[in-house]
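In what follows, chains are A, B, ... by sequence order, proteins preceding strands, each numbered from 1.
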Amino acid sequence: MTRPDRDERRQRILAVVDSIPHGRVATYGQVAREAGLGRHARLVGKVLSELPARTALPWHRVVNAAGAISPRAGDSPSLQRRRLAREGVRFTTAGRIEFARFLWRPET
DNA sequence: CGGTTGACTGTTT
DNA sequence: TAAACAGCCAACC
């Protein structure tokens, strides 16, 4: 089997993000592994950073391994936080998400 | 071909 | 608990 090209990797990543259930979160590394891309957490971040602003994809359900919203170049992460809060995802006073309650655990 | 970048992560201070 | 460090690797230049 040939190594997936750039577009295919991107498509796999987007498909995984799209499958994260409402009210749950996944880490960048988790998305990469689910997409069959091993240690490409950073690639996941790169792909998400290029999404159009109006996308219907639930990109806000992807957080870092510390359970926090990763800082990014442009705007503030408050939008992501609001979207998660609206889905019932709670944050600790330290601004972290409790994986014990909200981490997505895909079956099989 | 070589160096830099980065919505990352696990380990060590 | 938090910051620093080191490892990571595709994408870009």
Side-chain angles (χ1 to χ4, degrees):
Chain A
M1 153 150 182
T2 61
R3 180 172 166 284
D5 65 21
R6 195 170 71 82
D7 280 342
E8 187 175 340
R9 286 178 172 171
R10 185 172 144 279
Q11 289 308 319
R12 289 190 189 180
I13 289 169
L14 297 181
V16 171
V17 172
D18 200 37
S19 71
I20 304 171
H22 181 282
R24 315 290 320 269
V25 297
T27 68
Y28 294 93
Q30 188 180 5
V31 170
R33 289 193 304 277
E34 281 291 314
L37 301 176
R39 316 171 173 125
H40 288 67
R42 304 186 90 138
L43 183 58
V44 173
K46 183 67 160 54
V47 169
L48 294 187
S49 75
E50 293 168 350
L51 285 176
R54 317 280 277 308
T55 184
L57 219 75
W59 53 269
H60 57 282
R61 296 180 189 144
V62 183
V63 300
N64 64 35
I69 293 171
S70 289
R72 67 213 57 188
D75 47 34
S76 83
S78 60
L79 171 63
Q80 181 170 6
R81 180 151 176 170
R82 282 203 314 278
R83 287 196 178 189
L84 286 174
R86 162 178 274 189
E87 299 186 352
V89 175
R90 293 152 145 287
F91 288 76
T92 67
T93 53
R96 313 268 298 284
I97 293 166
E98 292 178 47
F99 285 156
R101 298 192 217 172
F102 304 111
L103 184 67
W104 174 41
R105 292 185 179 76
E107 34 256 277
T108 70

Residue pairs fulfilling side-chain hydrogen bond (donor to acceptor under 3.5 Å, both in side chains) with at least one residue in residues 27-56 of chain A, sequence neighbours excluded: A:K46-A:E50
Lys/Arg-Asp/Glu bridge criterion (N-O < 4.0 Å) met for A:R12, A:E8: yes
Contact summary for A:V89 and A:R24, nearest pair of heavy atoms: CG2-N, 4.5 Å
For A:R61 against A:I20, the heavy-atom pair lying closest together: NH1-O, 2.8 Å
Positions of residues 86-96 of chain A (non-hydrogen atom under 4.0 Å from DNA chain B), listed by number: none
Protein-to-nucleotide contact annotation, 5' to 3' order, nucleotides 8-13 of chain B [B base; S sugar-phosphate only; - none; under 4.0 Å, heavy atom]: BSS---
Residues, nucleotides or ligands: over 12 heavy atoms within 6.0 Å of A:R105 CZ: yes
Nucleotide B:dA7, atom C1' - distance to CD of A:E50 in whole Å: 11 Å
Closest nucleotide among B:dA7, C:dC9, C:dA11 to the A:R9 side chain: C:dA11
Minimal non-hydrogen separation, A:W104 against A:A26, with atom names: CE3-CB, 3.8 Å
CD1 on A:I13 to CG on A:L43, rounded to 0.5 Å: 4.0 Å
Phosphate contact (C:dC8 OP1 or OP2) by A:R39 side-chain N/O below 4.0 Å: no
Closest approach of A:V47 to A:L14 (non-hydrogen atoms, all atoms of both residues): CG1-CD2, 3.8 Å
Rounded interatomic separation in angstrom, taking CG from A:L48 and C1' from B:dA7: 6 Å
Rounded interatomic separation in angstrom, taking CD1 from A:I13 and C1' from B:dA7: 12 Å
Atom pair distance, as rounded to whole Å: NE2 in A:H40 and P in C:dA11: 8 Å
